[in-house]
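Reminder, nothing fancy here: chain letters follow the sequence lines and each chain counts from 1. Treat the numbers as computed from the prediction; the structure is a model and nothing was measured. These values consider heavy atoms only, across backbone and side chains, with no hydrogens, waters or symmetry-generated copies.
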There are 2 protein chains.
Amino acid sequence: MTASTILIVDDEAAIREMIRVGLELAGYECLEASNAQDAHGLIVDRRPDLVLLDWMMPVTSGLELLRRLRRDELTRDLLVIMLTAKDDEDNRVQGLDVGADDYITKPFSSRELMARIKAIMRRSTSREEEESIEVAGLKLDPSSHRVFVDATPLEMGPTEFKLLKFFMTHQERAYSRGQLLDQVWGTNVYVEERTVDVHIRRLRKALQTELRDCGLLIQTVRGTGYRFSTTGVCA
Amino acid sequence: MTASTILIVDDEAAIREMIRVGLELAGYECLEASNAQDAHGLIVDRRPDLVLLDWMMPVTSGLELLRRLRRDELTRDLLVIMLTAKDDEDNRVQGLDVGADDYITKPFSSRELMARIKAIMRRSTSREEEESIEVAGLKLDPSSHRVFVDATPLEMGPTEFKLLKFFMTHQERAYSRGQLLDQVWGTNVYVEERTVDVHIRRLRKALQTELRDCGLLIQTVRGTGYRFSTTGVCA
DNA sequence: CAGAACTGTCATAAAATTGTCACTAAAAAT
DNA sequence: ATTTTTAGTGACAATTTTATGACAGTTCTG
């Protein structure tokens, strides 16, 4: 188990269960917050690897918190497992829609919990250090969340940034729209595939400066998807 | 939906559900088998993209079948979603441990089923890694979906790419137009055989560079069809 | 709460790809 | 040497696939 921290929102029973089972955790914490905003803030603060999110939180809504987590760049990649009541199918679907990685119905067995956590963590790519990436005169700095061509900063939205980041870390390879949705938007998100086209366009536009047109770095692969390649100019 | 085939093991209700929902499937099949071995054989035979595996099969055990699937090289990468009874927690855990990609509890909503399938299939598309093929100074890279002569990328349409890929993986052998249609265009597609000629020409043209004329690699076998052979220059 | 920034979808325009033809060139058969 | 087949070509019109601009609903930011 690679969890360095597991953070449980509003469900002491769950964590006790985990401890009982002997889940090897480098650390864990049980969090209580009166509203989604506070909870979100605390989570950002603690930087856990995994969040067990109780759907039936007394005060705030699990859905609301999950939305916030998925919206924020800082917590977007967080693994979130919902804890839902046994028959609460609507919420489950809703949760998956909003971007929960998985759910567990209460009451759950420790074995199931562990299996889920294992599966989820195996599935997710390990987060590594965020170093700035530089390709063909294009520099992307994850920490400052900015992109430069030579020295001039470029303007772009969060989605375009993430898209570019993915491309810069996965060059010279064609990706289908579906794969891009999966990688950039995240799993369990229903978005039209054509939406990718639009964001590609926005990104290409953003990569244009008076000096260089780095939008050419993003090549369209007909019938397949897109590819980021330095073969296409922007020297 | 990219499923070319979805195969349902022993659960007619599930497939009816999917049809009702309008899940766009290129094909599907409901399979019944008296034991795990037979079922495994049938699955190998059908080569589906996804298996919905009912845990409560009347005769054979879902677990046993899953084990077989994971053991066999041919079916190892198959996506498997278990269908389990609502309270059958032990089996769920067991299934995930043995290697199911996900599970759905019955009765499930069509939305949930679709969400799961979509997510699972998107996630998996990058599972197989194809290696680039290199022949006589000609390099075809499936991952980037490109072809190079030496280092210069070549331009060609999707069909020409597929055609070339087929030839490069099936060298030194003559194929009739009909065979090529089957292999490259896909079976049950009604297209004039002479269409192949046209695409052969387009491919030959695409393979021409100022330096080399790799179009010569594609030889015509009079009265029969075409053959890809390194005997024909482009050294 | 108002204004600015983003997002996901559409409708439409613009491009690229495709399957066929008609016609020419090349080979094989008479 | 001619006729008969079979393959190579260039041109097209139909279809598909992408690129774009506009929009309306939301989410941030003050």
Under 3.5 Å, is there a donor-acceptor pair between the side chain of [X] and the main chain of [Y]?
{"X": "Q171(B)", "Y": "M168(B)", "result": "yes"}
{"X": "Q179(B)", "Y": "S176(B)", "result": "yes"}
{"X": "Q183(B)", "Y": "L180(B)", "result": "no"}
{"X": "T195(B)", "Y": "V191(B)", "result": "no"}

Subject >> Output field: ring centroids H145(B)/F161(B) closer than 6.0 Å >> reply: yes

Subject >> Validation row, ring centre F228(A) to ring centre Y175(A) under 6.0 Å >> reply: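 Distance test on ring centres: not under 6.0 Å, no.
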
[X] has a side chain; which of [options] sits nearest to it?
{"X": "D197(A)", "options": "dT18(C), dC10(C), dT18(D)", "answer": "dT18(D)"}
{"X": "K205(A)", "options": "dC6(C), dC10(C), dG21(D)", "answer": "dG21(D)"}
{"X": "P158(B)", "options": "dG8(D), dT17(C), dG19(C)", "answer": "dT17(C)"}

Roughly how many Å is it from [atom1] in [X] to [atom2] in [N], rounded to a whole number?
{"X": "E192(B)", "N": "dA22(C)", "atom1": "CD", "atom2": "C1'", "answer": "14 Å"}
{"X": "R201(A)", "N": "dT9(C)", "atom1": "CZ", "atom2": "C1'", "answer": "13 Å"}
{"X": "L181(B)", "N": "dT18(C)", "atom1": "CG", "atom2": "P", "answer": "13 Å"}
{"X": "L203(B)", "N": "dT18(C)", "atom1": "CG", "atom2": "P", "answer": "12 Å"}
{"X": "I200(B)", "N": "dT17(C)", "atom1": "CD1", "atom2": "P", "answer": "18 Å"}

Measure across [X] and [Y] and return the closest heavy-atom pair with its distance rounded to 0.1 Å.
{"X": "S144(B)", "Y": "D141(B)", "answer": "OG-OD2, 2.9 Å"}
{"X": "R173(A)", "Y": "S143(B)", "answer": "CG-O, 3.3 Å"}
{"X": "S132(A)", "Y": "P142(A)", "answer": "CA-CD, 3.5 Å"}
{"X": "R177(A)", "Y": "G225(A)", "answer": "NH1-CA, 4.0 Å"}
{"X": "M156(B)", "Y": "A206(B)", "answer": "CB-CB, 3.9 Å"}

**OP:** Indicate, with a heavy-atom threshold strictly under 4.0 Å, whether E160(A) touches base, sugar-phosphate, or nothing.
**Re:** sugar-phosphate

Protein-nucleic acid N or O pairs under 3.5 Å, nucleotides 22-24 of chain D:
none

OP1 or OP2 of [N] versus the side-chain N and O atoms of [X]: is any pair under 4.0 Å?
{"X": "T159(B)", "N": "dT17(C)", "value": "no"}
{"X": "T220(A)", "N": "dT18(D)", "value": "no"}
{"X": "W185(B)", "N": "dT18(C)", "value": "no"}
{"X": "Y226(A)", "N": "dA19(D)", "value": "yes"}

Subject >> R146(B) vs E172(A), salt bridge (charged side-chain N to carboxylate O under 4.0 Å, His left out): CA-CA, chis, key distance, verdict >> reply: CA-CA 9 Å; R146(B) 286 215 280 193; E172(A) 302 296 343; 3.1 Å; yes

Original post:
How sharply is the helix from dC1(C)-dG30(D) to dT30(C)-dA1(D) bent, taking the axes over five pairs at either end and rounding to 10 degrees?
Top reply: 30°

Original post:
What string of B, S and - do you get for nucleotides 23-30 of chain C, 5' to 3', when a contact is any protein heavy atom under 4.0 Å?
Top reply: ---BS---

